[in-house]
Amino acid sequence: MKTIWAFLALILTVSVSLAQNDDKAPKLLGIADGFGMKFAIIQAQLTGRSEPVQYYLGEGQELGELGIVKIDPAKGVVNLKAVGKDTSLAFDGPTETQPTDTSEPPVIRFRSVNLIAAIRMYADFKGKTVLQHPRVPKTTFSLTSRARTKEEAAEAFEVMFREQKIATIPDGEHFVMVVPFALTNLVTPKAPAFAITNSLVPAVIPARSINIFGSTIAPIVQIYADFLGKKITDFPAVMNQKEFPCCATVSFLQSCPL
């Protein structure tokens, strides 16, 4: 009997260990808080996904089966709903405790986040839409910053990118290009300096009015054509994903008015 109980205890111990290290379970990878912004980076594998995805969501925001209920930056804890379940996640890894003194700068802290999440945060702090070069390396990023202004926060991201040999190049008033160091001499900022006159397009498109995540290429091309007021000449080819092996899915977040 003692042998049976010992065996059951071993099974329970292994099960708990596996649950704590389950790659499919949601994980908190980062928190950004300050300047009227409060976001969390959650890695989760939702229904229909073949692998975990990193989601950059604000407090109170929902995306499918995932929703951020509350973010507590001081404790490094995020309450969320994932696949119909209430979950509380703590920041994984060494962290700094955010000071209670409101005169102290806000804290940005994350680790091992992917390029998409890092660029989305950078775009929000920079207040510009990021134009990402397709050859930017798909690496991961970690950062802890006590920036006092959005400008300082954006600079912290730019330093982080430079450490990975990634350059940030201003492109007009509303855009910034993110390009590998090796290709900086091959790109030229060409932001148009003309007013939109097409009656189908508002004079000013508000920030976050375009928020696309993980879409296929076909509807993106259709949206682009609609904004230009033009027609697609070879739509069947666009629908064929084999024609676009580099663009199986597309994500785009407009971070400033256009």
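Only this structure's heavy atoms are used, side chains among them; waters, hydrogens and symmetry mates stay out. What you are looking at is a predicted structure, and each value in this text was computed from that prediction instead of being measured.
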Novice: Kindly indicate whether the side chain of Gln45, heavy atoms from C-beta on, has any atom under 4.5 Å from the side chain of Val53.
Specialist: no
Novice: With a 4.5 Å limit on heavy-atom distance, are the side chains of Phe141 and Glu163 in contact?
Specialist: no
Novice: With rounding to the nearest 0.5 angstrom, report the CG to CG distance, Leu46 to Leu63.
Specialist: 7.5 Å
Novice: To the nearest 0.5 Å, what is the distance between CZ (Arg109) and CG (Leu29)?
Specialist: 13.0 Å
Novice: Does a side-chain heavy-atom distance below 4.5 Å link Arg120 with Tyr56?
Specialist: yes
Novice: Looking at residues at least two apart in the chain, or sitting in another chain, which of them share a side-chain contact (heavy atoms from CB on, under 4.5 Å) with Val187?
Specialist: His133, Ile169, Met177, Val179
Novice: Kindly compute the distance separating CZ (Phe110) from CD1 (Ile31), expressed to the nearest 0.5 Å.
Specialist: 12.5 Å
Novice: Got Tyr55 and Ile41 here, is their nearest side-chain heavy-atom distance under 4.5 Å?
Specialist: no
Novice: When rounded to the nearest 0.5 angstrom, what is the spacing between CG in Leu57 and CD in Gln54?
Specialist: 12.0 Å
Novice: Going by distance alone, is a donor N or O of one side chain under 3.5 Å from an acceptor N or O of the other, for Asn79 and Ser88?
Specialist: yes
Novice: Do the side chains of Gln61 and Ile68 get nearer than 4.5 Å, heavy atoms only?
Specialist: no
Novice: Atom CG of Asp124 and atom OH of Tyr122: how far apart are they, to the nearest 0.5 Å?
Specialist: 12.0 Å
Novice: Carefully, step by step, assess Thr144 and Ile108 under the rule side chain to side chain contact (heavy atoms under 4.5 Å, CB included).
Specialist: CA-CA 6 Å; Thr144 299; Ile108 304 167; over 6 Å; no
Novice: Taking side-chain contact (heavy atoms from CB on, under 4.5 Å) as the definition, give me every residue that meets it alongside Glu152, ordered by chain and number, with sequence neighbours left out.
Specialist: Ala147, Arg148, Thr149
Novice: Are the side chain of Gln132 and the backbone N or O of Val178 linked by a donor-acceptor pair below 3.5 Å?
Specialist: no
Novice: List the atom of Met37, the atom of Lys150, and the distance in Å for their closest heavy-atom pair.
Specialist: SD-CE, 3.6 Å
Novice: Quick one: are Thr87 and Leu89 in side-chain contact, heavy atoms under 4.5 Å?
Specialist: yes
Novice: Strictly distance-based, threshold 3.5 Å: is any side-chain N or O of Ser142 a donor or acceptor partner for the main-chain N or O of Ser112?
Specialist: yes
Novice: How long is the span from the CD1 atom in Ile166 to the CD1 atom in Ile119, to the nearest 0.5 Å?
Specialist: 7.5 Å
Novice: Give the C-alpha distance, both sets of side-chain angles, the deciding distance and a yes or no for side chain to side chain contact (heavy atoms under 4.5 Å, CB included) between Lys81 and Leu66.
Specialist: CA-CA 6 Å; Lys81 290 182 179 294; Leu66 186 65; over 6 Å; no
Novice: List the atom of Pro26, the atom of Ile42, and the distance in Å for their closest heavy-atom pair.
Specialist: CB-CG2, 4.3 Å
Novice: I'd like to know if the side chain of Glu59 reaches the main chain of Ile71, judged simply by a donor and an acceptor atom lying under 3.5 Å from each other, with no hydrogens or angles considered.
Specialist: yes
Novice: Between Val107 and Pro73, is there a side-chain heavy-atom distance shorter than 4.5 Å?
Specialist: no
Novice: Taking side chain to side chain donor-acceptor pair (under 3.5 Å) as the cut-off, I'd like each qualifying pair that reaches into residues 63-74, sequence neighbours left out, listed once.
Specialist: Thr47-Glu65
Novice: Less than 4.5 Å apart, any side-chain heavy atom of Phe39 and any of Met121?
Specialist: no
Novice: Is there a donor-acceptor pair closer than 3.5 Å between any side-chain N or O of Gln43 and the backbone N or O of Ala25?
Specialist: no
